[in-house]
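These numbers were taken from a predicted model, which means no experiment stands behind them. Values below: all heavy atoms of this structure, side chains included; hydrogens, waters and symmetry mates excluded.
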Amino acid sequence: MRTPTLAAEAPATDAAPAVLLRALPARPPALTGEFTKDRAAVTAYLDTTMRLIADLPPRTERDPDRQRDAAAVHDGAHTLRHRFLATHAERVYAELTDGLTRTPRLDELTALAARHFPGLVPTPAQLADDARHMQRNKEGWEIAVGIFFQAVLSAPAVGNHLLRSMLRPTTRARAALLDYQLTGHADLGIATVTRRDGIAHLELCNDEFLNAEDDAAVEALETGCDLVLLDPASHVGVLRGAAQTHPAHAGRRVFSAGINLTHLYHGDISLLGFLLRREAGYIAKFVRGLCLEDGTGDTGDNWWPDADKPWVGAVDAFAIGGGLQILPVMDRVVAADDAWFSLPAMEEGLVPGVSNLRLLHPAGSRLTRRLIFWGHKLNARDPEAAVIVDETAPADTMDSAVERAAQHLDHPAVGANRRMLNLVEEPADLFRRYLARYAYEQARLLHSPALISTLERTWINRNRGGSR
């Protein structure tokens with residue numbers, strides 16, 4: 001284990017932080033395996049490290065020596081977090097959920113952990129403060145969040161409980177449900193849901209950014225997904241992008257430009273509100289539906305949803321990055337014959353969601369690697385595109401093609417069959433184990449210097465004044 005090596009005392013104008021840094025014990029506490037003792041020792045140490053980091057100048061004002069000190073302290077704290085949670089994650093989670101009787105979501109659980117286990121994860125105030133900075137200038141507290149969720153999701157009983165909690169309807173959706181049922185329409189700001197003849201059309205309307213996704217889009221899409229799944233009159237869901245006013249695509253629908261890279265660069269994409277919520281929230285609900293019953297005692301690997309429905313993905317123009325990531329979970333994908341697809345994970349500098357898992361079965365290892373590592377572009381009519389596209393149609397006939405697909409899926413036998421397919425294609429245990437590792441790897445990448453250099457090299461400098 002790496003022991004922090006601290007720099008010599010700084011000049012008088014910045015002496016206090018160096019003195020505080022040297023107050024950190026030379027070695028993190030050794031674990032005994034006894035929960036109460038380990039908890040006291042570990043939280044005391046971690047809370048001290050957080051206070052010491054907080055007393056340093058902001059990253060933009062630190063000299064190289066001071067920044068190396070901070071990095072060393074972070075490294076030691078992260079190692080201790082890994083060790084503590086590897087031993088005690090289930091006990092920690094059980095306490096935070098009152099013995100698995102409560103169902104907090106990702107952000108709520110993080111806040112509870114910060115309150116009950118000081119230093120284990122950042123507080124909401126620390127996360128909010130970090131969120132105000134450019135990505136390159138963040139402290140990187142979200143890495144501790146990634147470590148926490150890796151440990152929780154790695155433990156089958158509590159990991160499954162958390163994933164079930166994330167499949168419960170959001171508070172916003174419950175509040176909007178009655179009005180949606182009465183009117184057949186919900187305006188969620190950046191997304192809308194409209195029901196016509198039993199078909200619910202969920203449309204992303206992020207016009208300024210060619211339907212790129214950010215934290216606000218994820219929140220709106222999950223709310224819209226919940227409304228479709230909660231409404232008995234909505235039999236099939238259609239996911240589609242709204243028409244754009246952007247000069248390059250004025251008047252034409254666009255499915256998705258993926259993650260909003262400009263927001264990512266400027267620090268406006270969060271681990272909790274975007275990268276983890278997206279996968280465990282609305283995309284997981286496309287696959288498994290909602291958990292409406294309490295289900296707190298059901299922590300096995302193959303639990304069943306209480307409300308699920310088939311989905312059609314309607315791809316106009318393009319599905320880039322996160323847009324492509326969604327398509328493997330759709331029950332039918334209809335694409336305009338001039339649409340195209342790509343998964344530029346290397347340009348974004350991140351793991352492309354659960355694509356590494358979901359593309360392997362239909363696409364195979366070689367094509368999946370070409371898509372992820374080389375940004376291989378697929379056109380809708382390419383033979384290779386059949387791994388994600390079921391049907392193509394001329395752009396001006398997309399409405400009718402999408403309607404036919406949705407009507408076909410409005411059948412009593414579809415629900416049972418899609419559940420059996422999902423059981424084999426993506427068992428809950430496999431998804432849980434993938435998401436556990438994803439939480440940590442994505443958190444590390446999000447706060448790596450390589451992310452910024454990758455974005456600047458492949459996107460930001462090339463698109464100054466652009467829209468994604």
NZ/NE/NH1/NH2 to OD/OE distance under 4.0 Å, R51 and D55 |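 A salt bridge is absent here (no side-chain N lies under 4.0 Å from a carboxylate O).
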Answer yes or no: is there an ion pair linking R136 with E456, defined by an N-O contact shorter than 4.0 Å?
->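 Salt bridge flag = yes for E456 with R136.
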Answer yes or no: are there more than 12 heavy-atom neighbours, outside R91 itself, under 6.0 Å from its atom CZ?
->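 No, because the 6.0 Å sphere around CZ of R91 holds 12 heavy atoms or fewer from other groups.
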Taking everything shown except H116 itself, do over 12 heavy atoms lie less than 6.0 Å from its NE2?
->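 Atom NE2 in H116 is crowded, with more than 12 foreign heavy atoms closer than 6.0 Å.
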Nearest 0.5 angstrom please: [X] [atom1] to [Y] [atom2], how far?
| X | Y | atom1 | atom2 | value |
| --- | --- | --- | --- | --- |
| D308 | N422 | CG | CG | 8.0 Å |
| L290 | R168 | CG | CZ | 10.0 Å |
| L435 | Q150 | CG | CD | 11.0 Å |
| I143 | D75 | CD1 | CG | 8.5 Å |
| E95 | L100 | CD | CG | 12.5 Å |
| L162 | F149 | CG | CZ | 6.0 Å |

Is the closest side-chain donor-acceptor distance between [X] and [Y] under 3.5 Å?
| X | Y | value |
| --- | --- | --- |
| E384 | H376 | yes |
| R358 | Q325 | no |
| H266 | Q135 | no |
| E426 | Y434 | no |
| D215 | S270 | yes |

So which of R419, K309, R418 actually passes salt bridge (Lys or Arg N to Asp or Glu O under 4.0 Å) with D331?
->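 Answer after filtering R419, K309, R418: R418.
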Check against side-chain hydrogen bond (donor to acceptor under 3.5 Å, both in side chains), S365 and R369 = CA-CA 6 Å; S365 176; R369 279 171 165 77; 2.5 Å; yes
Measure from the side-chain N and O atoms of [X] to the backbone N and O of [Y], and report whether any donor-acceptor pair falls under 3.5 Å.
| X | Y | answer |
| --- | --- | --- |
| E108 | R105 | yes |
| D130 | K138 | no |
| D226 | P169 | no |
| E139 | R59 | no |
| R332 | V312 | no |

Axial cation check for F431 ring with R288, 6.0 Å and 45° limits =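 So R288 does make the cation-pi contact.
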Cation over ring, R39 on F117, under 6.0 Å and within 45°?
->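 Yes, R39 lies over the aromatic ring of F117.
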For the ring pair H82 and Y440, is the centre-to-centre distance below 6.0 Å?
->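 When the ring centroids of H82 and Y440 are compared, they turn out to be within the sub-6.0 Å range.
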pair R172-L188: side-chain heavy atoms closer than 4.5 Å =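 Answer yes - side chains close enough.
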Flag side-chain contact, heavy atom, 4.5 Å: H88 against Y93 =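 Not touching, per the 4.5 Å side-chain cut-off.
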Kindly indicate, with the supporting measurements, whether the criterion side-chain hydrogen bond (donor to acceptor under 3.5 Å, both in side chains) is fulfilled by H161 and R164.
-> CA-CA 5 Å; H161 183 274; R164 281 188 63 92; over 6 Å; no
For [X], the option from [options] that meets side-chain contact (heavy atoms from CB on, under 4.5 Å):
| X | options | answer |
| --- | --- | --- |
| I147 | L85, V121, T79 | L85 |
| H447 | E142, H74, Q442 | E142 |
| L359 | L343, L327, V354, L367 | L343 |

Check against side-chain hydrogen bond (donor to acceptor under 3.5 Å, both in side chains), D38 and T32 | CA-CA 6 Å; D38 289 347; T32 68; 2.9 Å; yes
Least distance between heavy atoms, E203 atom then A242 atom =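 Minimum heavy-atom contact is OE1-CB, 3.9 Å.
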Where do D63 and R66 land on the side chain to side chain contact (heavy atoms under 4.5 Å, CB included) test, with the steps shown first?
-> CA-CA 5 Å; D63 60 30; R66 206 51 57 85; 3.1 Å; yes
